[in-house]
K.L.:
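After the structure tokens below, expect a handful of questions from me.
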2 protein chains.
Amino acid sequence: MDAIVRLDRKRETVVAESSRITARNRVRADARRNRERVLVAARAVFAEHGIDAPMATVARRAGVGVATLYRHFPTRDALVRGAFAQQMETCARALTEALAVPDPWQGFQQLVETVCALQREERGFPAAFVAAFPESMSEEAQSRQRVERDFTTLVRRAQASGALRADFHPSDLVVVLLAHCGLVAALPDDGAASRRLVAYLLQSFRTDPANKPLPPPTALTLRSLPIATDSSRGQRSPRT
Amino acid sequence: MDAIVRLDRKRETVVAESSRITARNRVRADARRNRERVLVAARAVFAEHGIDAPMATVARRAGVGVATLYRHFPTRDALVRGAFAQQMETCARALTEALAVPDPWQGFQQLVETVCALQREERGFPAAFVAAFPESMSEEAQSRQRVERDFTTLVRRAQASGALRADFHPSDLVVVLLAHCGLVAALPDDGAASRRLVAYLLQSFRTDPANKPLPPPTALTLRSLPIATDSSRGQRSPRT
DNA sequence: GTCCAAGCGGACGATCGCGTCCACTTAAGA
DNA sequence: TCTTAAGTGGACGCGATCGTCCGCTTGGAC
């Protein structure tokens with residue numbers, strides 16, 4: 001494998017394509033450490049300045065050079081995906097767990113609440129979730145298809161049990177998640193608004209609206225909104 | 001008024017401050033025309049590339065120079081506000097009209113649906129709505145206070161009539177609008193998702209869920225999402 | 001200890017958007 | 001028609017971000 005054309009710059013690519021399998025274990029310790037540092041820094045910076053924050057800011061926060069960052073994550077998308085891979089996996093796992101819950105409605109409810117809680121707790125994750133959707137939720141198309149099939153199964157079961165309204169459509173999950181993403185992205189606060197929205201939506205999904213008490217209302221008024229202050233504006237056009 | 005200090009550069013400012021009232025009618029015809037052109041172009045460009053689109057793009061689309069644009073709208077915020085002032089006024093008017101509807105629940109429902117329809121139809125407006133919230137919905141703090149008071153009145157009435165659930169809080173309107181903004185911003189499509197969300201929420205706001213049929217579900221699946229395609233990515237990081 | 005390539009950092013040129021400045025154009029009153 | 005200042009356009013300087021390039025450092029095999 002070493003006899004292949006060595007046009008200097010091509011070298012790296014060739015190695016990457018041909019011998020990554022054998023080199024897997026030969027990744028330098030400092031490289032692995034730096035990669036991890038970058039991911040931690042990326043989550044912090046993205047949470048603070050939004051996922052459009054300058055790559056250099058992430059690098060500085062991580063204590064590495066920009067080149068190091070670009071080597072590990074050639075594009076911003078790759079970095080975003082890397083930074084929130086864990087959260088994405090948790091989402092996927094939540095679905096599996098939901099299917100395992102005996103009462104299908106409880107499973108359904110738990111799934112929605114878990115995913116929304118995840119979005120509300122990790123700042124920057126909602127934006128990443130929305131931006132990377134087609135590729136995300138899992139790495140490959142096949143896996144995505146499985147997620148879809150599993151969720152449909154969950155919906156069918158919950159409807160069969162009589163708890164989930166018959167006209168709920170699996171695509172409504174996307175609607176809920178995107179709306180929720182928008183809400184938490186606009187309101188980086190304690191999550192009261194998020195909880196409130198989720199409670200409302202879950203109630204309207206039930207066949208029998210048992211009318212459980214809602215979580216407490218938010219302190220929002222039309223005039224005392226934390227939006228468009230310097231901090232949240234930074235979400236859109238970040239500075240160093 | 002002409003005898004005031006004329007330090008060359010100060011001139012414009014002085015005139016603006018002292019004689020704008022008399023000059024109101026003396027605005028040149030071409031200036032007014034250009035202003036209008038800029039507004040039209042701004043709406044088009046914002047709809048296409050998001051409200052972060054380069055100012056130069058708006059100017060080019062309007063067929064004017066950048067200086068002209070900056071003269072009429074010194075900041076991006078001013079331009080955004082100008083571009084969507086009409087929509088903002090429509091929102092405010094919708095509240096007044098909702099109060100005039102005999103059945104308070106119908107008024108409430110109509111208000112939510114009107115505002116959401118507006119957000120869904122004018123691309124770029126949702127982002128402007130969220131970004132400019134504290135200043136928007138009306139020009140002055142006093143006016144904002146009136147909006148808040150009127151909406152609270154509407155809510156009280158609807159609750160007294162028994163149709164709106166007692167634990168609905170006026171701040172929930174903010175929650176609904178922000179969530180809806182997020183949804184339509186993420187999904188620049190035909191509005192099916194928006195209608196679906198609004199219907200769900202309105203149902204969960206009712207005391208007696210008459211369970212009217214929902215609007216048709218969206219065609220969304222977990223894998224065939226129009227998000228993160230080139231067109232919607234342009235919403236976030238616009239190019240010329 | 002020696003070696004060497006994987007890995008590293010930071011400088012650098014390119015690109016882009018911003019907002020100002022200034023010389024020119026033109027609307028509109030006399 | 002003449003005058004004039006309001007209005008215009010585009011070039012330009014500035015600063016920020018991008019992603020690459022290249023010489024140096026260091027992990028780890030021997």
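A quick note: this is a predicted structure, and the numbers were derived from the prediction, not measured. Reminder, nothing fancy here: chain letters follow the sequence lines and each chain counts from 1.
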K.L.:
Mind calculating the distance between CZ (R33(B)) and P (dA27(C)) to the nearest angstrom?
P.N.:
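Taking atom P of dA27(C) as the reference, CZ of R33(B) is at 8 Å.
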K.L.:
Below 4.0 angstrom from OP1 or OP2 of dG7(D), is there any side-chain N or O of H72(B)?
P.N.:
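For H72(B), the contact criterion (side-chain N or O under 4.0 Å from OP1 or OP2 of dG7(D)) is not met.
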K.L.:
How many whole angstroms separate atom CZ of R32(A) from atom C1' of dC8(C)?
P.N.:
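That distance rounds to 17 Å.
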K.L.:
In whole angstroms, how far is the P atom of dG9(C) from the CZ atom of R35(A)?
P.N.:
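Result: 16 Å.
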K.L.:
Of all heavy-atom pairs between T114(B) and A94(B), which one has the smallest distance, and what is that distance?
P.N.:
CG2-CB, 3.9 Å
K.L.:
Closest-nucleotide mapping onto DNA chain C: is P74(B) or D30(B) further toward the 5' terminus? I mean the 5' end.
P.N.:
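By nearest-heavy-atom nucleotide position, the 5'-most residue is P74(B).
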K.L.:
Is any NZ, NE, NH1 or NH2 atom of the basic residue among E48(A) and R43(A) found under 4.0 Å from an Asp or Glu carboxylate oxygen of the other?
P.N.:
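No, this pair does not count.
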K.L.:
Rounded to whole angstrom units, what separation is found between the CE atom of M55(B) and the C1' atom of dG9(D)?
P.N.:
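Nearest whole value for this atom pair: 16 Å.
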K.L.:
Taking CZ from R71(A) and P from dA6(C), how many angstroms apart are they, rounded to a whole number?
P.N.:
11 Å
K.L.:
Please lay out, stage by stage, how S194(B) and H180(B) fare under the test side-chain hydrogen bond (donor to acceptor under 3.5 Å, both in side chains).
P.N.:
CA-CA 7 Å; S194(B) 156; H180(B) 183 261; 2.6 Å; yes
K.L.:
Whole angstrom is fine here: how far is it from CG in L69(B) over to P in dG7(D)?
P.N.:
15 Å
K.L.:
Could you work out which one of dT17(D), dG7(D), dG19(C) sits closest to the side chain of Y70(B)?
P.N.:
dG19(C)
K.L.:
Less than 4.0 angstrom between a side-chain N/O of T68(B) and OP1 or OP2 of dG9(D), yes or no?
P.N.:
yes
K.L.:
Got a salt bridge between R120(B) and E113(B), using NZ or NE/NH1/NH2 to carboxylate O under 4.0 Å?
P.N.:
no
K.L.:
Assign A67(B) to base, sugar-phosphate, or nothing according to its heavy-atom contacts below 4.0 angstrom with the strands shown.
P.N.:
base
K.L.:
Taking the nucleotide of DNA chain C with the closest heavy atom to each, which residue, R28(A) or G63(A), is nearer the 5' end?
P.N.:
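With R28(A) and G63(A) compared, the 5'-side residue is R28(A).
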K.L.:
At less than 4.0 Å, is any side-chain N or O atom of N34(B) found next to OP1 or OP2 of dG7(D)? Yes or no.
P.N.:
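So the side chain of N34(B) is outside the cut-off, no N or O lying under 4.0 Å from OP1 or OP2 of dG7(D).
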K.L.:
Whole-Å distance between dT20(C) P and F73(B) CZ?
P.N.:
16 Å
K.L.:
Over all strands shown, is V66(B) touching base, sugar-phosphate only, or nothing at heavy-atom distances under 4.0 angstrom?
P.N.:
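The residue V66(B) makes base contact.
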K.L.:
The side chain of A29(A) lies closest to which of these nucleotides: dG7(C), dG9(D), dG28(D)?
P.N.:
dG28(D)
K.L.:
Just wondering, do V80(A) and F73(A) contact through their side chains at under 4.5 Å, heavy atoms?
P.N.:
no
K.L.:
So what does R76(B) hit on the nucleic acid, given a heavy-atom distance under 4.0 Å: a base, only sugar-phosphate, or nothing?
P.N.:
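The residue R76(B) makes sugar-phosphate contact but no base contact.
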